[in-house]
2 protein chains.
Amino acid sequence: MAETFRKEIVQRITKNLLDIQMLRLIQTQPMWGYKIKKQVEAKFGVRLRHGALYPLLNNLERKGFLTSEKQRQGGRTRKVYTITRKGIQYVEAYNSILKEQLEGF
Amino acid sequence: MAETFRKEIVQRITKNLLDIQMLRLIQTQPMWGYKIKKQVEAKFGVRLRHGALYPLLNNLERKGFLTSEKQRQGGRTRKVYTITRKGIQYVEAYNSILKEQLEGF
DNA sequence: TGAGATATGTCTTAAAAAGGACATATAGTA
DNA sequence: TACTATATGTCCTTTTTAAGACATATCTCA
């Protein structure tokens with residue numbers, strides 16, 4: 001049962017706080033959409049539709065949490081995202097809230 | 001800015017993981033809907049509509065995370081909720097995920 | 001050369017959630 | 001007595017979100 005709960009909660013957090021989980025991933029190293037999709041799916045056990053992912057990435061860039069750079073690999077293009085200072089601050093705010101939650105009410 | 005981020009994230013967590021925050025509250029002491037509403041609003045800075053709260057509480061009871069007992073105060077009735085073992089397990093699963101998130105990827 | 005993986009994007013429709021009204025009753029206070 | 005707070009519940013409509021299709025192009029391996 002505890003394991004069922006775990007999976008369910010992880011999936012809920014991933015779904016509802018997907019942008020934060022993505023920023024955290026990109027914080028470890030710059031990454032492009034497709035790779036983010038694969039990593040999120042593997043790490044959190046959720047299906048991440050690309051139809052939701054790419055608009056979200058563009059949105060995070062528009063808001064200043066990410067910057068992107070197009071990289072060519074032969075004829076194929078990757079849009080590699082890097083986290084900004086603003087993005088790091090957002091993740092840090094999240095981390096500090098987690099800490100408080102663990103310390104209890 | 002960091003403070004703006006904090007508020008925004010706390011509100012997002014409260015909104016999306018409201019049931020868990022409520023279970024955590026009730027875990028500290030048995031509580032009724034109206035009191036939960038006031039506490040959630042004070043602690044997390046969100047408006048909690050009673051039209052959303054009461055169906056959610058009934059739902060959590062139906063799922064076995066809470067039990068309720070009606071208490072009379074003169075002519076007024078309070079439905080006091082207590083967390084169950086199952087509810088505690090759910091909160092514990094949440095706590096363990098928070099720990100892992102803090103430890104990083 | 002055909003299939004599956006990599007790679008990024010938009011758009012429409014269907015499902016879920018939120019907001020707010022409708023509904024009722026007691027207690028306390030000005 | 002009228003207003004505000006306490007207390008719990010449902011229901012409809014609007015808004016938001018999610019699912020999946022539509023769209024295109026390259027790369028690799030069998």
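These numbers were taken from a predicted model, which means no experiment stands behind them. Chain A is the first sequence line, chain B the second, and so forth, proteins listed ahead of strands; every chain is numbered from 1.
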Asks: Output all residues satisfying side-chain contact (heavy atoms from CB on, under 4.5 Å) with B/Pro55, sequence neighbours left out; order by chain, then residue number.
Replies: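 Partners of B/Pro55 under the side-chain contact (heavy atoms from CB on, under 4.5 Å) test: none.
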Asks: Can you list the residues that meet the ring pair (Phe, Tyr, Trp, His ring centres under 6.0 Å) rule with B/Phe5, with sequence neighbours excluded?
Replies: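 Here the qualifying residues are A/Phe65, A/Tyr90.
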Asks: Taking CD1 from A/Ile36 and P from C/dG9, how many angstroms apart are they, rounded to a whole number?
Replies: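 The distance from CD1 of A/Ile36 to P of C/dG9 comes to 11 Å, rounded to the nearest Å.
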Asks: Between atom CG in B/Leu56 and atom C1' in D/dG9, what is the gap in whole Å?
Replies: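 Distance, rounded to whole Å: 14 Å.
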Asks: Is there a donor-acceptor contact under 3.5 Å linking the side chains of A/Asn58 and A/Lys63?
Replies: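 Their side chains do not contain a donor-acceptor pair, so the 3.5 Å distance test is not met.
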Asks: Could you pull out all residues at least two apart from B/Thr77 that satisfy side-chain contact (heavy atoms from CB on, under 4.5 Å)?
Replies: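 If we apply the side-chain contact (heavy atoms from CB on, under 4.5 Å) test to B/Thr77, skipping adjacent residues, the hits are B/Lys70, B/Arg72.
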Asks: Using the test salt bridge (Lys or Arg N to Asp or Glu O under 4.0 Å), find all partners of B/Glu92 that sit at least two apart in sequence or belong to another chain.
Replies: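 Expected list: none.
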Asks: Whole angstrom is fine here: how far is it from CG in A/Leu53 over to C1' in C/dT10?
Replies: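 In whole Å, C/dT10 C1' lies 14 Å from A/Leu53 CG.
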Asks: By side-chain contact (heavy atoms from CB on, under 4.5 Å), which residues pair with B/Arg76, not counting sequence neighbours?
Replies: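 If we apply the side-chain contact (heavy atoms from CB on, under 4.5 Å) test to B/Arg76, skipping adjacent residues, there are no hits.
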Asks: At a heavy-atom distance below 4.0 Å, what parts of residues 59-67 of chain A sit against DNA chain C?
Replies: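 Result for residues 59-67 of chain A: none.
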Asks: Can you name the atoms? Protein N/O to nucleotides 18-20 of chain C N/O, anything below 3.5 Å, with the distance.
Replies:
residue	atom	partner	partner atom	Å
C/dG19	OP2	B/Arg49	NE	3.3
C/dG19	N7	B/Arg49	NH1	2.6
C/dG19	N7	B/Arg49	NH2	3.4
C/dG20	N7	B/Arg49	NH1	3.4

Asks: Which residues satisfy the side-chain hydrogen bond (donor to acceptor under 3.5 Å, both in side chains) test with B/Gln27, sequence neighbours excluded?
Replies: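 With sequence neighbours excluded, B/Gln27 shows a side-chain hydrogen bond (donor to acceptor under 3.5 Å, both in side chains) to no residue whatsoever.
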Asks: Report the residues that fulfil salt bridge (Lys or Arg N to Asp or Glu O under 4.0 Å) with B/Lys37, sequence neighbours left out, ordered by chain and then residue number.
Replies: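 B/Lys37: salt bridge (Lys or Arg N to Asp or Glu O under 4.0 Å) contacts with B/Glu41.
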Asks: What is the distance from CZ of A/Arg72 to C1' of C/dA7, rounded to the nearest Å?
Replies: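 Taking atom C1' of C/dA7 as the reference, CZ of A/Arg72 is at 13 Å.
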Asks: I'd like a list of close polar pairs between nucleotides 4-8 of chain D and the protein, N/O only, cut-off under 3.5 Å.
Replies:
residue	atom	partner	partner atom	Å
D/dT6	OP2	B/Tyr34	OH	2.3
D/dT6	O5'	B/Tyr34	OH	3.2
D/dT6	O3'	B/Arg76	NH1	3.2
D/dA7	OP1	B/Arg78	NE	2.5
D/dA7	OP1	B/Arg78	NH2	2.4
D/dA7	OP2	B/Trp32	NE1	3.0
D/dT8	OP1	B/Lys79	N	2.8
D/dT8	OP2	B/Gly33	N	3.3
D/dT8	OP2	B/Tyr34	N	2.7
D/dT8	OP2	B/Tyr54	OH	3.2
D/dT8	O4	B/His50	NE2	3.3

Asks: Let me see the working for A/Arg24 and A/Gln21 under side chain to side chain contact (heavy atoms under 4.5 Å, CB included), right down to the final yes or no.
Replies: CA-CA 5 Å; A/Arg24 284 160 68 88; A/Gln21 303 307 324; 3.7 Å; yes
Asks: Suppose we screen for salt bridge (Lys or Arg N to Asp or Glu O under 4.0 Å). Which residues come up paired with B/Arg78, at least two apart in sequence or across chains?
Replies: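 Result, salt bridge (Lys or Arg N to Asp or Glu O under 4.0 Å) vs B/Arg78: none returned.
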Asks: Rounding to a whole Å, what distance do you find between A/Leu48:CG and D/dT17:C1'?
Replies: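 From A/Leu48 CG to D/dT17 C1': 14 Å.
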Asks: State which residues pass side-chain contact (heavy atoms from CB on, under 4.5 Å) with A/Gln39; sequence neighbours excluded, sorted by chain then number.
Replies: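 Here the qualifying residues are A/Leu25, A/Met31, A/Lys35, A/Lys43.
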